[in-house]
S.K.: 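Mind having a look at this structure? Questions to follow.
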Amino acid sequence: MPDQMKTFLMCEPVYFEVRYVINPWMAGNQGRVDRKLAARQWRNLYDVLSGRASIRLVEPVAGLPDMVFTANGGLVCRNREVIVSSFRHPERQAESRHFSRFFEDSGYRVMRLGSGIKFEGAGDALYDSSGQVWVGHGHRSDVEAISAIAAKLAVKVNGLALVDPRWYHLDTAFCPLANGYAIAYDKAFSAQDVERIRDAFGGKVTWVGDGDASNFACNAVNIGNDIILHKASAGLKTELERNGFNIIEVEVSEFIKAGGACKCLTLEL
Ligand code: ARG
């Protein structure tokens, strides 16, 4: 049964490529994207998601190759409100305008954090199943984003410092799931923040190893019991299945060349 409760925003990879390097995954991959394969992989993800949720599309823009990663467009709040991103890198800053227009045209109240605070949307801000928000900072989003989001949303916001440049967005290393579960990669965080995740999620965190982390297993889309991700080891699948989830692998190798996978290619509206 499609979960009509969820709607995701996606952006067709018409102009997707690796043109510049703003994260370690992109290094050495400039001009190396197989555009036809990328289009097929994206379409496959679209098909898998559209069988389970509704999908809306934002118009791709020439010269903005990373706009496919709609997770970074903003953070959607209740009641048709959105905090639109202020991107760290000049290469992505023009995207904000296009995401803003999409939200305005769709009847959202568009907010910004202001005061020059950098914030990269749902790439760095994740709701857990209790409604709290977890915000990653240090690489793309500023630490000041934490209190600014809390003020706008009136919800509890927990900050997590990202300590390794490979895990530059929170959604590359952490994924809250339904019913209080989560997937996480400890090496992306300080020992203290690993403890905070443990305290909050208790035994319901599945900690992934280096191999699964590098396959972007934390960059997952959870719809009902389904978890859609690029690749998971047999061990990871077993553990998640034991917790009642069903794993669906959707290969997105061409997008990993730009440092993003399944979750980055979607924004929950
Ligand atoms: N090349 C993009 C960047 O570095 C990838 C963004 C991935 N998005 C995400 N939500 N992790 O900004």
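Remember, it's 1-based here, ligands and their atoms both numbered in the order they're listed.
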S.K.: Under 4.0 Å between a Lys/Arg side-chain N and an Asp/Glu carboxylate O for Glu254 and Lys257?
M.R.: yes
S.K.: When the aromatic ring centroids of Phe87 and Phe99 are compared, is their separation below 6.0 Å?
M.R.: no
S.K.: Using ring centroids (six-membered ring only for Trp), state whether Phe255 and Phe216 fall under 6.0 Å.
M.R.: no
S.K.: Give the C-alpha distance, both sets of side-chain angles, the deciding distance and a yes or no for salt bridge (Lys or Arg N to Asp or Glu O under 4.0 Å) between Asp193 and Arg196.
M.R.: CA-CA 5 Å; Asp193 280 348; Arg196 292 184 58 218; 3.4 Å; yes
S.K.: Pick out which of Leu126, Asn222, Val252 makes a side-chain contact (heavy atoms from CB on, under 4.5 Å) with Lys263.
M.R.: Leu126
S.K.: Thinking salt bridges, do Arg19 and Glu91 make one under a 4.0 Å N-O criterion?
M.R.: no
S.K.: State whether the shortest distance between N or O atoms of Gly259 and N or O atoms of ligand 1 falls below 3.5 angstrom.
M.R.: no
S.K.: Answer yes or no: does an N/O atom from Asn23 fall short of 3.5 Å to an N/O atom of ligand 1?
M.R.: yes
S.K.: Students should be able to answer this: which protein heavy-atom is nearest to atom 10 (N) of ligand 1, and at what distance?
M.R.: Asp171 OD2, 2.8 Å
S.K.: Give the numbers and elements of all ligand 1 atoms closer than 4.0 Å to a heavy atom of Ala258.
M.R.: 1 (N), 2 (C), 5 (C)
S.K.: List ligand 1 atoms under 4.0 Å from Ala71, heavy atoms only on the residue side.
M.R.: 10 (N)
S.K.: At a 4.0 Å threshold, what atoms of ligand 1 neighbour a non-hydrogen atom of Tyr168?
M.R.: 4 (O), 5 (C), 6 (C), 7 (C)
S.K.: Can you tell me how the ring of Phe245 sits relative to the ring of Tyr181, calling it parallel under 30°, perpendicular over 60° and tilted otherwise?
M.R.: perpendicular
S.K.: Atoms of ligand 1 less than 4.0 Å from Asp66 heavy atoms?
M.R.: 1 (N), 2 (C), 3 (C)
S.K.: What is the closest protein heavy atom to atom 8 (N) of ligand 1, and at what distance does it sit?
M.R.: Asn72 OD1, 2.9 Å
S.K.: Using a strict 4.0 Å cut-off to heavy atoms of Gly123, name the atoms of ligand 1 that fall inside it.
M.R.: 10 (N)
S.K.: Under 3.5 Å between some N or O of ligand 1 and some N or O of Arg92?
M.R.: yes
S.K.: Which one holds for Arg140 and ligand 1: side chain close, backbone close, both close, or neither close, with close meaning a heavy atom under 4.0 Å?
M.R.: side chain
S.K.: Could you verify whether a donor N or O on one side chain and an acceptor N or O on the other, from Ser233 and Asp212, lie under 3.5 Å apart?
M.R.: yes
S.K.: Closest non-hydrogen protein atom to atom 9 (C) of ligand 1, residue and atom name please, with distance?
M.R.: Cys264 SG, 2.8 Å
S.K.: Any idea which atoms of ligand 1 are less than 4.0 Å away from a heavy-atom of Met26?
M.R.: 1 (N)
S.K.: Taking CZ in Arg35 as the centre, count heavy atoms belonging to other residues, nucleotides or ligands within less than 6.0 Å. Is the count above 12?
M.R.: yes
